[in-house]
Structures are given as C-alpha cells and as structure tokens.
Amino acid sequence: MSRTAAGLTYTFAPTSLGRFEGVTVNMTWPKGYITMPTWQQKVLWFLKDNWTYALPMIVLLIMFYLWYSRGRDPKGKATIITQFDVPEGLSPAHVGIIIDERVQTHDVSAEIIGLAIAGFINIIRLEKQGFLGKVDYELQLLKPAASAPFIHQKELLEALFTSAPINKPGEPIAKTRLSAHKNSFHEKLQGIINTISKDAEAKGYFAKNPHQVRATYMAIGLFLLVVGIPFIDNFVVIILNAGIVFLFSFIMPAKTAKGVKTYQHILGLKQYLTVAEKDRINFHNAPEKSPKQFEKFLPYTMVLGVEKEWEKQFKDIYKPQDATWFHGSPAAMTMAGFTRELGSMKGALSREMTSKPSSSSSGGFSGGGFGGGGGGSW
C-alpha cells in the first residue's frame, strides 16, 4: 500500500498476516487538513450503523396501538355490586374464561365436579396398591353424555368415557379410571378448551375467540424470532422484538360490553362467596345457607380460587357423607377431610389431564391458555 504526501511516497508492505489480522497505521497532520463531519452526519452515521436498536421501540409502539384500538375492554361500572347467583347460562369453565380470559386445567376439573354434583358422574376413591402405589379414582357415567347442558360438557364426558358402554340394568352407563387417561388426555383437553373459547365468543362475551387471538399473536412473536435470525445480526434485538409481541398476546383478547357486565357480576358473586360470617348481616336478600347451596356454588369456588372461604362458611351445615356423588376415604367424613380429598382429587385431575409422554414433554408452545391448576387451593 502506498501513500504520497509532501512530495514523498510512503510504502507499507505487511507480510505473513494471518486470518482476521490487520495493520494499523497511526499518522498525524495539522488541524484543518481534513474537514470534520457535521453533527447531522454523525447522527446519520450512528443511525445507519445501529438501526436495528430502533426495531424494539417500533414493535412496542405497534403493539401498544393494536392493544389500545383492539385489545381493551369497554369500561364497566365503577362499583362492584355483590351478587348472590351465577350469571344465567354459565358453566364453571365459562366463568373461568371470563374472569381471566383463558381456560385453565382447574376450570376443567371444576366442570367434572359440577357434572358429578349434577348427577352425571359418580366419583369413587381407590386406595393405593402397594408401598409405591398412588391413589386413583374411578369415574362412573350415570347419565348419557348427550344430555349434558353445554357442548363442552358433552365433549368432556365423551373424552373421559371412551370405553364400551356397560348397558346392564342398575349399573352405570360406563366406567373409567383416572389413571387410564395418563399421557393420552392432553390432546382431547385441547379440543375441549377450543370449544369453551369458541362458545364464549358465540355467546357474545368476547369480540373474538380469546384462545385464537392469543395464539395468533404468539405465532407472530415466534415468526419474528425465526425470521429475524438471518436478517438481523443483533440477537438481543431479535429476542426483544419477539418478547414484546409474546407479552402483549396475554392482554390482547377483548371482552364485549356484555362480557364486561358479566365479568363484574362474577366479581360481585366472588364477594358473596368469600365474605366472612360476621359481615354477612350487611347483605340484603342473601340466600339462606343450606347443603344444596354449598354444592351449587362449589364448582364455581374452585374456578375462582375461594374454596377455603366457602368451606369455612358451611363447616357446621354441610355433611360430607350426604355427598352421594363422591365416595372418599373414612377421613372424608369430616368437612376438613372432605375438602382435603376434593383438593387432592382436583390436583390428580389436573396432572392426568395434562400429562404427556416423555418424548413429547418438551419443545414448542401453545396459545391455548390452559396452565397449571394442581389443586393447591384446598
């Protein structure tokens, strides 16, 4: 390499340079010999070299606009009024998706409890066999699945009782054990969740299917992650872009005005379900407590996570031995033991419904919105 200055020629001849090696030449000259760049040029050069850092801000602004214009719920009443009944036409799973815009496993577990209370299922605890055995539960179908009030309840019963009917006089229509559904029920569960979500849209509680809305934005986030790798050399920027869309996906489902009204009704019901006995006298026209009332609201308390509060109110009123739909151990004959066993069964239901074979237990993602619900509330 040659350079000419002041009539002299300087030659630089590097030799034996390896890969990724170079030569640095340090030269000085009088001030003003070279014209310095303006601040505008410096800004342009900086933006040209670092344009990818602007992408997360652009993605954030776009997602904020989409949430502001499509993902916000209409305004409801400023005050939540205490309610003494479930909104008409809502199953426990409907209440679950309206309250948090997703179907979780404890919502489906509550549906099974509700179907048992309604006389569709008989639940029998089976003691563990051997030192390392686990407690199991036998489910007996007492009414045809087709007679269930809601389509997702029909699908749930059909998914649970897939074996051939017994068809003997005086016997249940079909039987199954909870353990028989291990590693196989998760695919059926996804279909049931889809049905619940579609039904919530069809009934007018959501502007669009919340399950599908969440899945769509999660897919967009995954797309930005995959597509960004070959085009953007900054991995932090790629992660931020995808992460922003992924986080917004959880708040993009939007309720309708009817959905907000129903949501606030459910919050009012939750107030009633959780109020302490000493404060109940402040309610007007509150229904009188009875064993029937305890069972009526039990599945909904499981969805709302207020089982303990509800159980305390009925510890001197409800007799577990009168629960013809559940046959537990001798310990379940007390109210405390009864609720503990229900909690244990709810946890077992959640585990078996979501369990997968080890070969498919990792990788991928789901926009379905169902998550943990191991029954720890009891």
side-chain hydrogen bond (donor to acceptor under 3.5 Å, both in side chains) between Tyr318 and Glu311, worked out | CA-CA 9 Å; Tyr318 187 76; Glu311 177 266 330; over 6 Å; no

Do Glu307 and Thr301 pass the side-chain hydrogen bond (donor to acceptor under 3.5 Å, both in side chains) test, and can you show the C-alpha distance, the side-chain angles, and the key distance before you say yes or no?
-> CA-CA 5 Å; Glu307 305 99 316; Thr301 65; 5.6 Å; no

Should His94 and Phe150 be marked as a ring-ring contact (aromatic ring centres under 6.0 Å, His included) after you check the CA-CA gap, both sets of side-chain angles, and the distance that decides it?
-> CA-CA 10 Å; His94 287 136; Phe150 300 99; 5.1 Å; yes

CA sep, side-chain torsions, deciding dist, call: Gln271, Thr82, side-chain hydrogen bond (donor to acceptor under 3.5 Å, both in side chains) = CA-CA 6 Å; Gln271 287 182 350; Thr82 302; 3.0 Å; yes

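Figure legend: cation-pi geometry between Arg72 and Tyr68, with NZ or CZ positioned under 6.0 Å from the six-membered ring centre and within 45° of its axis. Taking the ring centre of Phe161 as origin, the terminal cationic atom of Lys175 falls outside the region bounded by 6.0 Å and 45° from the ring axis. Remark: Lys289 is positioned above the aromatic ring of Phe314, its terminal NZ or CZ atom under 6.0 angstrom from the ring centre and at most 45 degrees off the axis.
A 4.5 Å side-chain heavy-atom check between Leu304 and Ile266 finds at least one atom pair inside the cut-off. The side-chain heavy atoms of Leu115 and Leu157, taken from C-beta on, include a pair separated by under 4.5 Å.
Thr262 places a side-chain N or O within donor-acceptor distance of the main-chain N or O of Lys258, the cut-off being under 3.5 Å. Of the possible polar contacts, none joining the Lys188 side chain to the Leu160 backbone as a donor-acceptor pair under 3.5 Å is found. Formation of a donor-acceptor pair under 3.5 Å by the Ser355 side chain with backbone atoms of Glu352 is found in this model. Using modelled atom types, one side-chain atom of Thr354 and one backbone atom of Ser350 make a donor-acceptor pair closer than 3.5 Å.
The existence of a salt bridge linking Lys296 and Asp85 is confirmed by a sub-4.0 Å separation between a basic side-chain nitrogen and an acidic carboxylate oxygen.
For the side-chain hydrogen bond (donor to acceptor under 3.5 Å, both in side chains) with Thr176, the qualifying choice from His181, Gln140, Glu138 is His181, the only one to do so.
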